[in-house]
Amino acid sequence: MIHLETRAGFSLALRPAIPADADAVIDFFDRVSDEDRRFRFLSSIRHLTAAQAKDITEFDYHRRETFLAFLPGMDEIIAAATLAADRTGESAEVAISIDADYKGRGIGWTLLDHAAAEARHWGVRRLRSIESRENHAAISLEREKGFSARAVEGDATLVILERCF
């Protein structure tokens, strides 16, 4: 378990997800707002399926991993950050979700820092995020963190934010 503190002074305990976390991940995404769930999955889903939870909790060392955040000493997931590298390991995508009750405490900022550091450790040279153009909070945060934005060819509703190391 890694212990982190957000820039707002909020404490988190962070660890990699494991397959046994699948049910807890489903419960977590039930607490994420409908809009944030839509932003995370780029579709309107009300409830994660077992297959989606399995995909989030399975890992491939230095290729695909989800980090789960908890309040210190507690078992309930309050945030999740998934990092997935491409086949070459040159680039990776990051996706972050936060329980609606814990937004605005610097958790997204801290998880993005952690995911970027982990990506660099894996040897990733380019970190990206695919966002809905409506997800102003994520786009703003990623720009503050040095990501640059570009359009997604053929889909005016999406934007790719990218940071090179």
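What you find for Pro72 and Ala13 is that their closest heavy atoms are CA-CB, 4.2 Å. When every heavy atom of Asp75 is checked against every heavy atom of Phe70, the shortest pair comes out as O-CE2, 3.2 Å. Annotation for Arg37 and Ile45: closest pair NE-O, 2.8 Å, computed over non-hydrogen atoms.
Look at Arg126 and Glu90 and you find no salt bridge, because none of the NZ, NE, NH1 or NH2 atoms lies under 4.0 Å from a carboxylate O. A salt bridge between Asp113 and Lys145 is present, with a side-chain N of the basic residue lying under 4.0 Å from a carboxylate O of the acidic one. Comment: Glu142 does not engage Arg163 in a salt bridge, judged by the lack of any side-chain N to carboxylate O separation of less than 4.0 angstrom. Salt bridge annotation for Asp21-Arg15: present, with a cationic side-chain nitrogen under 4.0 angstrom from a carboxylate oxygen.
Note: Ser129 OG to Leu112 CG = 8.0 Å, rounded to the nearest 0.5 Å. For the atom pair Thr6 OG1 and Leu111 CG, the distance stands at 10.0 Å (nearest 0.5 Å). Rounding to the nearest 0.5 Å places CG of Asp155 at 9.0 Å from CZ of Arg133. Rounding to the nearest 0.5 Å places CZ of Phe29 at 8.5 Å from CD1 of Ile77.
No side-chain heavy atom of Thr66 sits under 4.5 Å from any side-chain heavy atom of Val25. Between Val159 and Arg150, the closest side-chain pair of non-hydrogen atoms is not below 4.5 Å. Contact of the Glu118 side chain with the Phe67 side chain is registered, since non-hydrogen atoms from C-beta on lie closer than 4.5 Å. With a 4.5 Å cut-off on side-chain heavy atoms, Asp27 and Glu76 do not count as touching. Using a 4.5 Å cut-off on side-chain heavy atoms (C-beta onward), Leu141 and Trp109 make contact. Contact annotation: the side chain of Phe41 approaches that of Leu48 to within less than 4.5 Å [non-hydrogen atoms, C-beta and beyond]. Taking 4.5 Å as the limit, every side-chain heavy atom of Met1 sits out of range of all side-chain heavy atoms of Leu14. Counting heavy atoms from C-beta on, the side chains of Ile78 and Phe28 never come closer than 4.5 Å.
Taking the six-membered ring where the residue is Trp, His62 and Trp122 present tilted rings, their angle falling between 30° and 60°.
In this structure a side-chain-to-backbone donor-acceptor pair under 3.5 Å is present from Gln52 to Thr49. With hydrogens and angles disregarded, no donor-acceptor distance shorter than 3.5 Å links the side chain of Arg64 to the backbone of Leu83. With Asp60 contributing its side chain and Arg63 its backbone, the two residues share no donor-acceptor pair below 3.5 Å. No donor-acceptor distance shorter than 3.5 angstrom exists from the side chain of Arg38 to the backbone of Ser43, with no hydrogens or angles considered.
In the hydrophobic cluster analysis, where Ile, Leu, Val, Met, Phe, Trp and Tyr join through side-chain heavy atoms closer than 4.5 angstrom, Ile160 is grouped apart from Phe147. A continuous path of ILVMFWY side-chain contacts below 4.5 Å connects Leu71 to Ile2, so both sit in one hydrophobic cluster. Taking hydrophobic clusters as Ile, Leu, Val, Met, Phe, Trp and Tyr residues chained together by side-chain heavy-atom distances below 4.5 Å, Ile26 shares a cluster with Ile56.
Heavy atoms from other residues, nucleotides or ligands lying under 6.0 Å from CG of Asp23 number 12 at most. Counting heavy atoms of neighbouring residues, nucleotides and ligands inside a 6.0 Å radius, atom CE of Met74 does not exceed 12 of them. Within 6.0 Å of CD in Glu153 there are 12 or fewer heavy atoms belonging to other residues, nucleotides or ligands. Atom CZ of Phe59 is surrounded by 12 or fewer heavy atoms from other residues, nucleotides or ligands within 6.0 Å.
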Contacts under 3.5 angstrom, residues 96-106 side chains, donor-acceptor by atom type, not counting sequence neighbours:
{"from": "Asp99", "atom 1": "OD1", "to": "Asp101", "atom 2": "N", "distance (Å)": "2.8"}
{"from": "Asp99", "atom 1": "OD2", "to": "Arg31", "atom 2": "NE", "distance (Å)": "2.8"}
{"from": "Lys103", "atom 1": "NZ", "to": "Asp36", "atom 2": "OD1", "distance (Å)": "3.4"}
{"from": "Lys103", "atom 1": "NZ", "to": "Asp36", "atom 2": "OD2", "distance (Å)": "2.5"}
{"from": "Arg105", "atom 1": "NH2", "to": "Asp101", "atom 2": "O", "distance (Å)": "3.4"}

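For Arg125 and Phe165, the positive end is not near the middle of the six-membered ring at less than 6.0 Å and at most 45° from its axis.
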Check against side-chain contact (heavy atoms from CB on, under 4.5 Å), Asp30 and His47: CA-CA 6 Å; Asp30 283 346; His47 185 73; 2.7 Å; yes

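Glu131 pairs in a side chain to side chain contact (heavy atoms under 4.5 Å, CB included) with only one of the listed residues (Leu42, Leu161, Leu158), which is Leu161.
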